[in-house]
K.L.:
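Before I ask anything, let me first share the structure, which is written out below as structure tokens.
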Amino acid sequence: MDDDSGSSLPNTFSTPNNLFSVTDHPREPGNNGLDTLLLPHHSVSVAKELTSIAHDLVSPRGKGIYATDESPDVVEGMLVAASLNGQDNFSDQEKKDRRRKWREAAYSSLTNEYISGVILYPETLLDFKLGESLKSKGIILGVRAHGELAPFPASPFEFIVQGLDDLLPRMQAAHAAGARFSKWRAPIACTSPALGLPSQVALEVQAETLAIFASVSQQAGLVPIVEPDVEFSADADLYRSVEIHQKVIRMIYARCLDHGVFLEGTLIKPSFPQPGLKHPSRKTITSEEIALATATILVNSLPASVPGVVFLSGGLEPETAMKHLSALNALVNKAKPGSPFSRLPPLSFSYGRALQGEAMKHWVREDVQSMKDAFDKATRGCFLAAKGEY
């Protein structure tokens with residue numbers, strides 16, 4: 001049966017079918033088996049499941065998420081770039097088969113020793129049906145929720161993210177296919193104050209979009225991961241990057257609270273604050289400086305109820321992404337009792353290119369053993385970095 005929006009996707013989430021259709025709210029506050037007081041519109045059973053999954057994605061410390069949610073076009077570009085000849089002479093069906101084979105090979109190389117969850121593109125989850133191989137290893141399935149980017153009408157150098165209109169039925173279908181968390185990326189421009197980005201209206205739209213996504217995701221029974229991706233291609237210095245990171249994270253959670261999002265059942269996937277590629281300090285900044293800036297942002301912006309942080313690697317080199325994460329966790333490890341840094345939740349990873357870049361080069365050359373060795377090295381490196389030991 002089609003839903004009211006006209007989508008052909010069925011409503012597949014079992015009763016109660018969302019966080020706000022409450023059938024089991026306790027009469028006595030605190031008598032719910034959770035550490036926090038639930039608001040009247042929160043279901044105890046759904047809240048417990050969301051909390052458990054969110055904690056499992058960042059526990060035990062060191063484990064993190066492998067992000068494999070690139071669109072088909074992006075995957076094709078990556079495979080071509082990784083090949084020796086750089087040619088792309090495949091038909092559409094051959095390209096689809098190659099994407100499936102790459103995902104199968106990558107997932108076969110994973111263990112739950114280092115990886116807690118994997119974010120899948122809908123094609124991988126629903127068409128290729130590769131989730132079962134991951135679930136059999138004790139790895140939690142996630143799904144990309146956001147669509148593609150579209151130009152922001154009021155600011156041509158910024159973007160809006162498509163995909164809210166049919167989000168609920170898509171997330172319900174993902175839940176039925178085994179997914180238990182979801183992710184939405186919102187790109188944030190960041191320049192020096194003189195160049196004026198991000199615009200206030202763009203920040204407001206991104207924060208509102210992420211809050212709606214988080215609410216709908218929980219309605220479908222999925223833990224939402226909000227991803228404010230502050231880019232670093234321009235001329236911002238470290239302090240400007242810190243300013244924008246703090247501003248957007250605060251705005252996101254303010255809107256999440258307005259939308260009734262259960263924060264204990266969410267995660268955040270931020271970028272590392274850093275100077276832009278066009279700023280001279282980019283060449284001399286250290287991982288320790290970025291770690292201090294990152295920890296400062298989190299203690300000033302992140303609600304204590306959020307159970308974990310999983311950083312994105314973005315365009316960083318794998319070694320750099322691991323060094324930044326390790327320096328951050330080493331800083332937290334040294335924090336004395338009473339320090340705000342000692343109160344931060346687990347700080348882990350949700351990396352894509354930093355985990356698979358080298359492995360993909362071996363796979364396109366049909367060197368399966370080297371591919372598996374590369375995955376093991378990368379996942380173990382991230383695991384150590386998330387403990388401050390890389």
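Not measured: the values here are computed from a predicted model.
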K.L.:
Checking side-chain contact (heavy atoms from CB on, under 4.5 Å) between I268 and each of V309, I225, L298, which is the one that passes?
P.N.:
V309

K.L.:
I need the minimum non-hydrogen distance between S287 and K323, along with the two atoms involved.
P.N.:
OG-CB, 3.5 Å

K.L.:
Please check if the side chain of S91 supplies one atom and the backbone of E94 the other of a donor-acceptor pair under 3.5 Å.
P.N.:
yes

K.L.:
Taking the side chain as C-beta and beyond, is there a heavy-atom pair between F311 and S348 under 4.5 Å?
P.N.:
no

K.L.:
Per the salt bridge (Lys or Arg N to Asp or Glu O under 4.0 Å) rule, which among K183, K269, R185 passes with D229?
P.N.:
R185

K.L.:
Please tell me whether S233 and E231 have a donor and an acceptor in their side chains that are separated by less than 3.5 angstrom.
P.N.:
yes

K.L.:
Do you reckon L210 sits in the same ILVMFWY cluster as L257, going by side-chain contacts under 4.5 Å, direct or chained?
P.N.:
yes

K.L.:
Return the minimal non-hydrogen interatomic distance between L126 and A173, and the atom names on each side.
P.N.:
CD2-O, 4.1 Å

K.L.:
Say whether N300 and R250, considering side chains only, have a donor N or O and an acceptor N or O under 3.5 Å apart.
P.N.:
no

K.L.:
Is the closest basic N to carboxylate O distance between E76 and K96 below 4.0 Å?
P.N.:
no

K.L.:
Between M171 and S182, is any pair of side-chain heavy atoms under 4.5 Å apart?
P.N.:
yes

K.L.:
Do P72 and R99 make a side-chain contact, defined as non-hydrogen atoms from C-beta onward lying under 4.5 Å apart?
P.N.:
yes

K.L.:
Same cluster or not: are V226 and V205 linked, directly or through other Ile, Leu, Val, Met, Phe, Trp or Tyr residues, by side-chain heavy atoms under 4.5 angstrom apart?
P.N.:
no

K.L.:
Please determine whether residues L302 and L325 belong to a single hydrophobic cluster, defined as Ile, Leu, Val, Met, Phe, Trp and Tyr linked transitively by side-chain heavy-atom distances below 4.5 Å.
P.N.:
yes

K.L.:
What pair of heavy atoms forms the shortest contact from A189 to P198, and how long is it?
P.N.:
O-CD, 3.1 Å

K.L.:
Judged by modelled atom types alone, do S109 and K372 share a side-chain donor-acceptor pair under 3.5 Å?
P.N.:
no

K.L.:
Strictly distance-based, threshold 3.5 Å: is any side-chain N or O of K48 a donor or acceptor partner for the main-chain N or O of S43?
P.N.:
no

K.L.:
For V299 and F341, run side-chain contact (heavy atoms from CB on, under 4.5 Å): C-alpha distance rounded to whole Å, both residues' side-chain angles, the deciding distance at 0.1 Å, then the answer.
P.N.:
CA-CA 7 Å; V299 298; F341 295 166; 3.7 Å; yes

K.L.:
Crowded around E366 CD? As in, over 12 foreign heavy atoms under 6.0 Å?
P.N.:
no

K.L.:
Taking atom types as modelled, find out whether T51 and E264 have a side-chain donor-acceptor pair closer than 3.5 angstrom.
P.N.:
no

K.L.:
Provide the closest heavy-atom pair for A211 versus H259 in the form atom of the first, atom of the second, distance.
P.N.:
CB-CD2, 3.7 Å

K.L.:
How about P345 and P307: do any of their side-chain heavy atoms sit closer than 4.5 Å?
P.N.:
no

K.L.:
Of the non-hydrogen atoms in L141 and A177, which two are nearest, and what is the gap between them?
P.N.:
CD1-O, 4.2 Å

K.L.:
Test your reading of the model: is there a side-chain donor-acceptor pair from S215 to the backbone of V261, 3.5 Å cut-off?
P.N.:
no

K.L.:
Kindly work out whether a path of hydrophobic side-chain contacts (I/L/V/M/F/W/Y, heavy atoms less than 4.5 Å apart) joins L149 to F232.
P.N.:
yes

K.L.:
Would you mind reporting whether F349 and I115 have side-chain heavy atoms less than 4.5 Å apart?
P.N.:
yes

K.L.:
Using a distance-only test with no angle check, is there a side-chain donor-acceptor pair under 3.5 angstrom linking S192 and D235?
P.N.:
yes

K.L.:
Would you say K361 has more than 12 foreign heavy atoms packed within less than 6.0 Å of its NZ?
P.N.:
no

K.L.:
Applying the salt bridge (Lys or Arg N to Asp or Glu O under 4.0 Å) test to E70, which of R353, R144, R103 qualifies?
P.N.:
R103

K.L.:
Scan side-chain atoms only and decide if T286 and E289 contain a donor-acceptor pair under the 3.5 Å cut-off.
P.N.:
yes

K.L.:
Just checking, any donor-acceptor pair under 3.5 angstrom between side chains of S155 and E158?
P.N.:
yes

K.L.:
Going through the checks in order, is the side-chain contact (heavy atoms from CB on, under 4.5 Å) test met by Y114 and K63?
P.N.:
CA-CA 5 Å; Y114 306 130; K63 293 175 72 170; 5.7 Å; no

K.L.:
Any carboxylate oxygen within less than 4.0 angstrom of a Lys/Arg side-chain nitrogen, looking at R240 and E243?
P.N.:
yes

K.L.:
Show your working on side-chain contact (heavy atoms from CB on, under 4.5 Å) between F90 and D97 and close with a plain yes or no.
P.N.:
CA-CA 10 Å; F90 299 98; D97 291 341; over 6 Å; no

K.L.:
Quick check: do P270 and L312 have side-chain heavy atoms less than 4.5 Å from each other?
P.N.:
no

K.L.:
Between E227 and H146, is there a side-chain donor-acceptor contact under 3.5 Å, judged purely by atom types and distance?
P.N.:
no

K.L.:
If you draw a 6.0 Å radius around CZ in F157, do more than 12 non-hydrogen atoms from other residues or ligands fall strictly inside?
P.N.:
no

K.L.:
Check whether the side chains of Y253 and S301 place a donor and an acceptor atom closer than 3.5 Å, and report yes or no.
P.N.:
no

K.L.:
Heavy atoms only: give me the nearest V223-L267 pair and the separation to one decimal.
P.N.:
CG1-N, 4.4 Å

K.L.:
Give the intermediate values and the outcome of side-chain hydrogen bond (donor to acceptor under 3.5 Å, both in side chains) for residues Q356 and Y351.
P.N.:
CA-CA 9 Å; Q356 69 188 13; Y351 290 170; over 6 Å; no

K.L.:
Crowded around E317 CD? As in, over 12 foreign heavy atoms under 6.0 Å?
P.N.:
no

K.L.:
Indicate, with yes or no, if L355 and V368 share a hydrophobic cluster defined by side-chain heavy-atom contacts under 4.5 Å among Ile, Leu, Val, Met, Phe, Trp and Tyr.
P.N.:
yes

K.L.:
Test I285 against I290 for side-chain contact (heavy atoms from CB on, under 4.5 Å), laying out the working first.
P.N.:
CA-CA 7 Å; I285 194 80; I290 288 178; 3.9 Å; yes

K.L.:
Please examine the side chains of L328 and T294, heavy atoms only from C-beta on, and report whether any two atoms are closer than 4.5 Å.
P.N.:
yes

K.L.:
Hey, is R100 close enough to E123 for a salt bridge, meaning N to O under 4.0 Å?
P.N.:
no

K.L.:
Is P273 close to V230 at the side-chain level, that is, under 4.5 Å between some pair of heavy atoms?
P.N.:
no

K.L.:
Do NZ/NE/NH1/NH2 and the carboxylate oxygens of D166 and R170 come within less than 4.0 Å?
P.N.:
yes

K.L.:
Indicate, with yes or no, if the rings of Y66 and F375 have centres closer together than 6.0 Å.
P.N.:
yes

